[in-house]
Protein chains: 4
Amino acid sequence: MFRTNDQGRSEVTEKRKTRDADATRLRIMQAAKKEFAKHGLGGARVDEIAERAKANKRMIYHYFGSKEKLFKAVLEAAYLDIRNAEQKLDLDSMPAEKALEHLVRFTWDYYLKNPEFITLVNSENLHRARHLKKSEVIAVASRKFVSMMQNLLDRGVQEGVFRPGIDATQLNITIAAIGYYYLTNRFTGAIVFERDLMTPDALEERLAFNLDTIMRLVRADGL
Amino acid sequence: MFRTNDQGRSEVTEKRKTRDADATRLRIMQAAKKEFAKHGLGGARVDEIAERAKANKRMIYHYFGSKEKLFKAVLEAAYLDIRNAEQKLDLDSMPAEKALEHLVRFTWDYYLKNPEFITLVNSENLHRARHLKKSEVIAVASRKFVSMMQNLLDRGVQEGVFRPGIDATQLNITIAAIGYYYLTNRFTGAIVFERDLMTPDALEERLAFNLDTIMRLVRADGL
Amino acid sequence: MFRTNDQGRSEVTEKRKTRDADATRLRIMQAAKKEFAKHGLGGARVDEIAERAKANKRMIYHYFGSKEKLFKAVLEAAYLDIRNAEQKLDLDSMPAEKALEHLVRFTWDYYLKNPEFITLVNSENLHRARHLKKSEVIAVASRKFVSMMQNLLDRGVQEGVFRPGIDATQLNITIAAIGYYYLTNRFTGAIVFERDLMTPDALEERLAFNLDTIMRLVRADGL
Amino acid sequence: MFRTNDQGRSEVTEKRKTRDADATRLRIMQAAKKEFAKHGLGGARVDEIAERAKANKRMIYHYFGSKEKLFKAVLEAAYLDIRNAEQKLDLDSMPAEKALEHLVRFTWDYYLKNPEFITLVNSENLHRARHLKKSEVIAVASRKFVSMMQNLLDRGVQEGVFRPGIDATQLNITIAAIGYYYLTNRFTGAIVFERDLMTPDALEERLAFNLDTIMRLVRADGL
DNA sequence: GATGAATGAGTTTTCATTCAT
DNA sequence: GATGAATGAAAACTCATTCAT
């Protein structure tokens, strides 16, 4: 009800205001991520996001302009986060085989710990990547990621542990696929295979299977 | 879906008529499949489905009860269709290695020719398989599918071409994953990898990669 | 599926047809009575009536023209039924006091055995008696009923058992009211008075109370 | 419903404004009361309520959740209103006979001045009191009402003016019945008795008749 | 006389977004 | 910067009635 600081704002309060604003922005993005992940772009409710963020609905429009732009912001942040985490793995400093194994594990763990990422990506693909297309920042991050992978493969061949001629893109897609598909389709999967695919044992088994799949795929013949 | 004619129906009554319940039902399901695949369960519009089916909206509710029940019907039919097609492959009559290769190709081709299947399954997983859970007919078809696969693996081991100890479920999931993921994520994939993943060449390349992946995965060591 | 009697109908089949038609009409009216009583005019569903009557919906329109006209037909029949039953009581042949008691009991029993009557009348009053207004047959039956009552009161005065000056209409309304209200409002009544108003004991108690109410109301002073 | 002002609200903010949640809520409830009374729960139109309330249809759902919950709110308010008014009569401070007469008059007058109450109650009974059942606030108000009545009867017996052994619930029901039935069934009644039951004279006559009915019912024998 | 598929107009409900304070 | 009341357009769903056979 009271509104302090109507005029004569000191720098201290200025800073606080900024921090609050950023905090609100962040809370909105976190809430939106959950909501979009749970219900998809179309199914997400702006009201729900506002409530979860303990923010006023008006703020969403103030900071992001529209539901769709909010989605884009969330999606971009999600992609940047995983690309960032991948860079931090510092795969270049490990032997190729170990590095690849590391990447497979990391990818699997990332999906497990960030289940929203998968659903967000599904949602974006349902919309034919309409939002990501315009994103320059994503393009840059992607290039770095792909070249890192190519690098890794090249080193492996030099080290004599990987077959030559493996396409980095195909391998990347496969590494993602065998983890991603298992998790995104775990509900229909549980019905088709009549198993709980999410018990700790099941998850461990899947990771082992995936590591085996990738290693057999890249291993130099005769090893 | 089909109505076999009791004896003695004249040709006149057999001619295509507007007032044919089964035909209307079928048109609605086909239209719904497209609409649900394109926009997901939430994003699909009943009006649009009715229009595409050249049916009155009221008919949808008459035959299916609700948008959600229509979705369930469409989803069930889609699952039954692929399970049915798999059975028709007659893999049991081929050598194990050839049979497996056949299955990998078939799965890929099926996804390519039935793009709705993938989006439908994604949508159902977004809803935690709520609709499929209650479906007994799907449970039965699934069991047949899984046991066929187990059979195939067992035969391959006996023939000496496959490694022993491969889990049929994990293999199934992997076969699906490497095709499904590529296709469902082709839009974001195109951005990340800066390639058109859907040209004939790209598709052929992916199929070859997938065949290689699976064969290396199951091949008996030393072969 | 088979349709016999396509041509050359004998008189016997003619009669049967007529009887069937009447039977269908009757089944529709009975089904409609239940449906209208349960849901009111607006809430009743034509589909439901058709199904309950094991008749085709088209038949309802064939015999009655519209839902509203069907309602009118049902309502008229209901009024005629109670007026008819009252006449059959042959109150004129009993001593006045006994006759009045008889009427109070009869009214209560009729409402109990014909619960649809009450709801039908409520529905008609919600619609400001729009349908009954045009009904000449009801006007005739009503007059007979009112004059019977006046007669009864007059006799009672002559016999010295009833007070003079009692208005027949007011008495009639009161006799109906104390039974009708109890039954029509039994659901909210059960909540307000925290009792089950429909147990055999409760019903008997109410009838006794009502008889007492009416008798004290008409009894000649000093008796 | 009312909002008492925290201290220091200036007159300016107090002026009638469109954006007043409580006022809108109230307008909706008033409009709904009329509409439900006129057409019943099923026949009432949400559009109509919104228009009459000069509110956006969306607001109805915002404040009440659904048409049915709005009905419940209206019904509860109606019951609370009459129970409240009864308590204000302060019957405990009058001699029993006078108090009873007062209650009969009050009940009649209340029904006359609040015709919506009757139709609302009819509607609720058509729905088997589904909405009221869950209402705790109604249960509390009802108990107060019933005990007030029992009190009144006990006092009357002590004063020697009422017969002992009269059941308070039965008497309550009868007092309500003889007024309620007359009014709710005034349309069919007008046809059956070929009179206008709503002229001032007719109303006065009915009230007198009802007072007589109740007084003869409770009066100690011999008085 | 009978059937049941089809329809159009309407009804409730939903939701992203804007407006007044 | 923040609040929450209000809105319009659209969506799901309903139902009495008619049409083709």
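Numbers restart at 1 for each chain; the letters A, B, ... are given by sequence-line order, proteins then strands. As the structure is a computational prediction, the values presented were derived from the model and not from experiment.
The number of heavy-atom neighbours closer than 6.0 Å to NZ of B:Lys67, taken from other residues, nucleotides and ligands shown, is above 12. Dense packing is recorded around NE2 of A:His39, with more than 12 heavy atoms of other residues, nucleotides or ligands lying under 6.0 Å away.
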I would like to know whether B:Glu76 and B:Ser135 meet side-chain hydrogen bond (donor to acceptor under 3.5 Å, both in side chains); could you show each step before the answer? CA-CA 8 Å; B:Glu76 258 184 351; B:Ser135 177; 2.4 Å; yes

Output, in order, the C-alpha distance, side-chain angles, deciding distance and verdict of ring-ring contact (aromatic ring centres under 6.0 Å, His included) for A:Phe71 and A:Phe64. CA-CA 9 Å; A:Phe71 179 76; A:Phe64 299 94; over 10 Å; no

Does the side-chain contact (heavy atoms from CB on, under 4.5 Å) test come out yes or no for C:Asn122 and D:Leu126, once each step is laid out? CA-CA 9 Å; C:Asn122 273 350; D:Leu126 184 61; over 6 Å; no

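D:Lys134 and D:Lys72 get closest at one heavy-atom pair: CB-NZ, 4.2 Å. Summarising the geometry of B:Ala53 relative to B:Arg27, their closest heavy-atom pair is O-NE, 2.8 Å, with the distance given to 0.1 Å.
One interatomic measurement links the two molecules: CZ of A:Arg27 to C1' of F:dG1, which rounds to 13 Å at whole-angstrom precision. Rounded to whole Å, atom C1' of F:dA12 lies 16 Å from atom CZ of B:Phe64. As rounded to whole Å, 19 Å separates atom P of E:dA9 from atom NZ of C:Lys67. To the nearest angstrom, P of F:dA20 lies 12 Å from CZ of C:Arg58. Atom pair B:Tyr61:OH and E:dA6:C1' shows a separation of 16 Å (rounding to whole Å applied). Taking atom CG on B:Asp22 and atom P on E:dA6, their separation rounds to 10 Å, with Å as the unit. Following rounding to the nearest Å, B:Asn56 (CG) and F:dC13 (P) show an atom-to-atom distance of 15 Å. Rounded to whole Å, atom P of E:dG4 lies 11 Å from atom CE of C:Met59.
The B:His62 side chain lies nearest to E:dA5 when the options are F:dA5, E:dA5, E:dG8. Of the candidates E:dC19, E:dG10, E:dT3, E:dG10 carries the atom nearest the B:Lys57 side chain, counting heavy atoms from C-beta on. Side chain of C:Tyr63, nearest nucleotide from F:dA6, E:dA2, E:dT3: E:dA2. The side chain of C:Ser66 approaches F:dT17 more closely than any other nucleotide in the set F:dA12, E:dA5, F:dT17.
Contacts of residues 33-55 of chain A with DNA chain E (heavy atom under 4.0 Å): A:Ala44, A:Arg45, A:Val46.
Taking a cutoff of 4.0 Å between a charged side-chain nitrogen and a carboxylate oxygen, B:Glu35 and B:Arg45 do not qualify as a salt bridge. Of the charged side-chain nitrogens involved, none lies within less than 4.0 Å of a carboxylate oxygen, so that A:Lys34 and A:Glu116 do not count as a salt-bridged pair.
Between B:Thr24 and the phosphate of E:dA6, there is a side-chain N or O to OP1/OP2 separation shorter than 4.0 Å.
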Pairing annotation in dot-bracket form, given for DNA chain F with Watson-Crick or G-U pairs under 3.5 Å and | for cross-strand partners: .||||||||||||||||||||

